[in-house]
Structure formats: C-alpha cells, structure tokens
Amino acid sequence: MRTLRAFTAAGAAALLASAGTATAAPSPPPAPTAQLTDAQVDTAVRSLDATVAEMMRRTGVPGVSVAVVHDDEVVYLKGFGLRRVGDPAAVGPDTVFQIASLSKPVSSTVAAGVLKDPADFDRHAELPGFALKDPWVTSHVTTADLLSHRSGLPDHAGDLLEDLGYDQAYILDHLRLAPLSPFRAGYAYTNFGFTAAAEALARSRGTTWQKLSADTLFKPAGMTHTSTGFQAFVDAPDHAATHVRNADGTWSPRYVRDPDAQAPAGGVSSTARDMSRWLRLQLSGGTLDGKRIIPADTLARTHLPEIVSQPPASPTGRTGFYGLGWNVNYDDAGRLRLSHSGAFELGANTSVGMLPLEELGIVVLTNGAPVGLPDAIAADFFDTAEHGRATTDWLALTGALYARINAEGRSPTDYAHPPTGAKPAGKDSTYAGTYDNPYYGKATVAATSEGKLTLSLGPEPMVFPLTHYDGDTFSYETTGENAVGRTGVFFSPADRTVRIEHLDADHLGTFTRG
C-alpha cells in the first residue's frame with residue numbers, strides 16, 4: 001500500500017538551518033502561464049488522422065472515435081474503423097461506446113452539480129446497506145474519501161463479487177467484511193467505494209443515480225446519447241460492440257460487459273460528440289454555450305489533489321495525485337494536467353486528457369480491450385502540440401504498461417502442467433459438498449456423470465470444471481472482467497475447507513463445508 005510520507009529528520013534539520021540564516025521570506029514562484037499557440041495546437045490536430053490510422057494498424061483495434069476541444073471550440077471530431085468486426089457499419093462521432101472508468105470524472109461532474117459548496121464533499125457519505133469493517137471509519141468516511149479512493153478499502157474491492165454475478169446491493173453490503181488499511185493514509189482504486197459515494201448522493205436526493213446524472217448533467221449539457229444504464233447502450237442503434245484480441249492478433253466481439261452494478265464508476269456510455277460537450281464544460285469552469293450547468297467552485301474542487309496515487313520513482317520524478325474522479329498531475333512548467341483512462345478487459349478502452357490552462361482537451365474512445373491505444377493517441381497529441389512532433393513511441397510505452405497490468409494477479413503456478421510424481425486425488429466424496437463463505441456466499445462442489453468435479457459459485461451459479469493438479473489441489477479457468485487464467489483450488493479435507501486462490505487476495509477466499 002502506498003502511503004504519504006513526512007519529510008525526513010535530515011530534511012527538517014536542513015529546513016531549520018536555512019530558516020536561521022534567512023534574511024527575508026522568499027518570493028513565491030510565478031504562476032504557470034499558457035504556452036501553446038493556436039498554430040501549435042493546429043499542428044497537433046492535423047497529425048491526428050495519420051496517428052490514429054497508424055496506431056490502429058499496429059494494434060488492430062477495430063474502431064476509434066476522437067474529439068478535441070480548444071478555446072471552447074470542437075476543433076476535431078472524427079470516427080475511424082468499424083463498430084463491429086464482420087459488419088460494414090462504420091464508427092462515427094455519434095457512435096455510442098462504453099467508456100468504462102472514464103465514467104469516474106463524468107460522475108464526479110454530476111456530484112459537483114449536486115453539491116452546492118466545495119466543503120460538502122467533506123461531509124459524511126451515508127448510504128443504507130453500506131458499511132466498512134471499522135465502525136468509526138463508517139461513521140466518518142466522506143464523499144471525497146470515496147471518490148478519491150482513500151477510504152482504506154482494498155484495491156478493486158468488490159470487483160470479484162461483480163464477476164460472479166452479485167448485484168450492487170449485495171456487493172455494497174458485503175464490503176463491510178473487507179479488510180481496511182489505515183484511513184486516509186493511502187490510495188487503493190475501488191470501483192465500489194466510488195459507487196457507494198455516488199449512490200449516497202442520489203439517495204439523499206430521493207432519486208436514482210441514473211436520473212440524477214441525466215437531470216444534473218446529461219440533459220442540461222445536451223449530451224443526448226449519454227447514459228449510465230447498460231440497456232440504453234445495448235438499445236442504441238449506433239453502438240460499438242466490445243472486442244478482445246485473439247491469439248493470432250485478430251479481434252472478435254466475443255463478450256458483453258454489463259457494468260450496471262458499478263454504474264457511477266464504470267457504467268457510462270457516450271459518444272465523442274457528447275464527450276466534446278463535456279470537455280467544453282470542464283474547460284470553461286462549468287458553463288456551456290453561455291449557460292451555467294455546474295457551479296464553478298464545486299467543479300474546481302474535483303480538480304484538486306486529494307491523495308498521492310503515484311509516489312515519485314526517482315529524486316527527479318514527479319508525484320502523481322488522485323482528485324475527485326481525476327488523475328491530477330503537474331508538468332515541468334507547473335501546469336495542471338488532468339486525465340483518466342477507462343478499460344474493460346472484455347472489450348473497451350478509453351482516455352481523456354486536459355490542460356486546463358491551455359483550454360485544451362482530448363477524448364479517445366475505442367471498442368477494443370486495453371492495449372494502450374487511446375492513452376497513446378492522447379499522449380502523442382499533447383507531445384506534438386508541445387514539440388511539433390512526437391518525441392517518443394507512446395504506443396510502445398503504453399502497450400507495455402497495459403501488458404504489465406494484465407499480467408498482475410496471475411498465479412505463479414502453471415496448473416496446466418502437473419508436477420512430476422503428482423499425488424492422486426481422493427475420492428469424489430472427499431471434496432463434494434456445499435461450502436459457505438460470508439463474503440462470496442455458497443460454493444458447491446459436485447461430481448459429474450463423467451467422473452469429473454465441478455465448482456459452482458455466485459447467486460445464479462457459474463459452473464467451473466475442476467482439473468486435478470496434485471493431491472488435494474485442483475484448478476479452474478477464471479472468466480469475466482478480472483480473469484487471470486488458471487487458478488488454484490486447495491481442499492483441506494481434515495479442516496472441511498477449500499481455499500480459492502483467485503478469490504483470496506484479501507484473505508477472504510476460504511469456504512467451510514457445511
């Protein structure tokens with residue numbers, strides 16, 4: 001867990017020493033100023049067609065839609081490629097994409113529109129059916145704590161429950177069982193902590209998050225094809241199917257991702273045209289076409305750092321922060337840079353980046369699983385605006401980053417290849433039965449007519465064939481958004497328990513036989 005660190009004793013001594021010899025208070029550094037000219041932005045915009053085409057060629061991602069806003073004008077709005085592989089329908093500016101975690105800054109915009117004072121973000125977030133393991137933290141956690149991922153919940157808490165088919169109410173109720181790290185001391189990205197904050201705001205207003213989002217932001221801003229509901233995405237005639245990459249490098253629309261359980265954190269769907277209106281609103285301090293949509297001061301609060309998310313990796317490195325639904329950073333010129341990415345392993349990847357001082361922003365929507373394409377397009381665009389050309393191969397950089405992220409969580413054991421001299425399994429009756437777990441619910445192990453064992457998990461049981469590995473250890477192939485390949489299933493007949501490796505990152509994955 002990353003933590004905030006106080007300066008060292010040596011640093012304190014140096015500070016005191018310098019204070020003793022100082023003769024006058026130093027002047028504050030000058031405020032950063034805008035540096036990009038219209039011509040520089042125009043150069044970056046003109047490069048986009050070729051950049052997008054080349055990166056699509058390198059990755060094979062089927063469809064992309066891009067919008068750029070500068071000085072409150074949409075200076076670029078274009079779609080590329082196909083909505084669905086095997087179908088000739090093309091992507092356009094009004095094609096609806098699932099935007100995944102790009103939903104977070106959209107939802108924090110809604111929160112800024114609901115709250116009337118920036119200090120309201122620091123009020124207790126109270127939601128019936130939601131609690132944390134520590135009652136004191138439950139009674140003190142605020143909207144800002146949950147929107148900035150500093151509540152103490154474990155990284156991605158609740159996501160595996162969603163994979164198993166549990167609904168929002170069940171997931172939020174069972175987060176009370178998740179272990180906590182020290183409150184407000186570290187950053188851990190949690191979709192369902194974020195969701196709890198948004199749902200608390202909606203409940204306090206006597207409405208649903210879907211209606212609150214529409215009434216507060218989507219309708220007033222003219223975002224006519226934007227929704228927080230999965231059904232609206234599916235029903236949109238012009239929507240982009242989600243795609244995953246096959247082993248041979250081609251792409252297929254094999255999966256459907258329903259994110260309704262975490263709608264505020266990952267369930268928004270939108271178009272490049274609608275997102276360009278949202279970008280204009282963000283860069284204009286909450287106004288759009290001369291109309292005030294979101295209060296300027298509450299919107300500005302969402303752009304402030306709340307917690308360190310990325311400590312500097314070297315003495316010359318920069319610290320990364322997270323605000324309220326935004327990654328918050330400052331560049332070498334002291335300019336604020338806001339960004340966020342969205343990624344569904346089942347087939348979507350998106351990115352937004354803004355330089356508010358330059359009144360410049362870009363959003364990139366794609367219908368392919370994350371390989372770094374939208375982040376690379378955005379980074380290349382800003383790099384070209386600054387330097388007249390891209391100074392690095394951004395796709396190689398972001399692609400490697402996503403590949404590393406995708407490898408996390410995979411078992412160190414290769415369950416596809418049992419060890420030499422593996423011990424035989426016990427009789428089926430040694431393992432078959434019903435096992436209970438307070439967090440994940442019921443697990444059922446059953447023998448099939450073919451003499452195999454299966455493991456059933458979730459409210460509408462998902463059935464996983466078990467493959468024997470060694471002795472009382474089996475494995476199964478994980479599925480869903482958080483799939484990590486084969487994972488271990490460790491039976492302890494003497495203890496009447498079974499531990500599932502994939503579900504045990506937070507030590508919640510042991511089931512007890514009834």
Side-chain angles (χ1 to χ4, degrees), residues 1 125-141 146 151-183 188-197 199-200 260-262 265 409 411 430-446 453-464 466 472-476 478-484 487-514:
M1 179 59 63
E126 186 173 359
L127 177 66
F130 173 72
L132 300 173
K133 194 175 182 76
D134 185 330
W136 188 92
V137 176
T138 299
S139 64
H140 286 78
V141 70
L146 293 166
S151 67
L153 280 168
D155 183 70
H156 285 83
D159 285 10
L160 296 180
L161 290 173
E162 182 188 20
D163 270 5
L164 293 176
Y166 287 104
D167 62 16
Q168 183 185 96
Y170 180 97
I171 297 168
L172 294 181
D173 179 65
H174 284 72
L175 289 182
R176 70 184 68 231
L177 300 175
L180 294 178
S181 59
F183 186 42
Y189 192 86
T190 50
N191 289 306
F192 284 97
F194 190 103
T195 293
E199 291 292 346
D260 275 352
Q262 55 163 282
S411 177
T430 304
Y431 313 112
T434 299
Y435 298 75
D436 291 312
N437 177 290
Y439 187 72
Y440 288 107
K442 183 184 298 185
T444 302
V445 178
L453 291 175
T454 62
L455 171 68
S456 299
L457 295 165
E460 297 179 4
M462 302 174 68
V463 180
F464 302 96
L466 292 178
D472 296 324
T473 298
F474 293 74
S475 73
Y476 70 91
T478 56
T479 61
E481 178 64 27
N482 298 282
V484 291
T487 194
V489 179
F490 310 103
F491 290 94
S492 297
D495 298 332
R496 301 178 64 81
T497 63
V498 59
R499 182 173 67 86
I500 301 174
E501 182 181 26
H502 180 47
L503 306 183
D504 201 41
D506 299 315
H507 306 293
L508 295 169
T510 297
F511 296 70
T512 302
R513 192 170 179 176

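Note that the structure is a prediction, hence the values are computed from the model and not measured.
Evaluation of the ring pair (Phe, Tyr, Trp, His ring centres under 6.0 Å) rule for Phe491 yields Tyr431, Phe474 as partners, not counting sequence neighbours. With sequence neighbours left out, Arg513 forms a salt bridge (charged side-chain N to carboxylate O under 4.0 Å, His left out) with no residue at all. Judged as a side chain to side chain donor-acceptor pair (under 3.5 Å), and not counting sequence neighbours, the contacts of Ser411 are Glu501. Qualifying side chain to side chain contact (heavy atoms under 4.5 Å, CB included) partners for Thr444, counting only residues two or more places apart in sequence or in other chains: Thr434, Lys442, Ser456. Residues satisfying the ring pair (Phe, Tyr, Trp, His ring centres under 6.0 Å) criterion with His507, sequence neighbours excluded, are absent altogether. For Glu481, the salt bridge (charged side-chain N to carboxylate O under 4.0 Å, His left out) criterion is met by Arg257, not counting sequence neighbours. Contacts of Asp495 classified as salt bridge (charged side-chain N to carboxylate O under 4.0 Å, His left out), with partners at least two apart in sequence or in another chain: none. Taking the side chain to side chain contact (heavy atoms under 4.5 Å, CB included) definition, one finds that Thr478 meets it with Tyr476, Ala483, Val484, Thr487, His502, sequence neighbours left out. Judged as a side chain to side chain contact (heavy atoms under 4.5 Å, CB included), and not counting sequence neighbours, the contacts of His156 are Asp159, Tyr189, Asn191. Listed by chain and number, the residues in a side chain to side chain contact (heavy atoms under 4.5 Å, CB included) with Pro459 are Tyr166 (sequence neighbours excluded). In this structure, the salt bridge (charged side-chain N to carboxylate O under 4.0 Å, His left out) partners of Asp173, at least two apart in sequence or on a different chain, are Arg176. In terms of the ring pair (Phe, Tyr, Trp, His ring centres under 6.0 Å) criterion, Phe511 has no residue partners (sequence neighbours excluded).
To the nearest 0.5 Å, atom CZ of residue Phe192 and atom CG of residue Leu161 are 8.0 Å apart. Between Thr195 atom OG1 and Gln168 atom CD the span is 6.0 Å, to the nearest 0.5 Å. Atoms CG and OG1, on Leu180 and Thr138 in that order, are 7.5 Å from each other to the nearest 0.5 Å. The distance from the CG atom of Leu453 to the CZ atom of Phe464 is 15.0 Å, given to the nearest 0.5 Å. Here the OG1 atom belonging to Thr190 is positioned 8.0 Å from the CG atom belonging to Asp155, to the nearest 0.5 angstrom. A distance of 13.5 Å separates OG1 in Thr454 from CE in Met462, rounded to the nearest 0.5 Å.
Using modelled atom types, one side-chain atom of Tyr440 and one backbone atom of Leu503 make a donor-acceptor pair closer than 3.5 Å. Side-chain N or O atoms of Thr497 include none that pairs as donor or acceptor with a backbone N or O of Pro493 at under 3.5 Å. Of the possible donor and acceptor atoms, none in the side chain of Asp506 sits under 3.5 Å from a partner among the backbone N and O of Leu508.
Looking at every heavy atom in both residues, Leu146 comes nearest to Gly193 through CB-O, 3.4 Å. Across every non-hydrogen atom of Asp134 and Trp136, the tightest pair is OD1-N, 2.8 Å. When every heavy atom of Phe183 is checked against every heavy atom of Ser151, the shortest pair comes out as CD1-O, 3.5 Å. Ala188 approaches Leu153 most closely through the heavy-atom pair CB-O, 3.4 Å.
No side-chain heavy atom of Thr510 sits less than 4.5 Å from a side-chain heavy atom of Tyr435. The shortest side-chain heavy-atom distance between Leu175 and Tyr439 falls under the 4.5 Å cut-off. Looking at heavy atoms from C-beta onward, Tyr170 lies out of side-chain contact with Leu164 at the 4.5 angstrom threshold.
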What do the steps show when you test Val498 against Val445 for side chain to side chain contact (heavy atoms under 4.5 Å, CB included), and what is the final call? CA-CA 10 Å; Val498 59; Val445 178; 5.5 Å; no
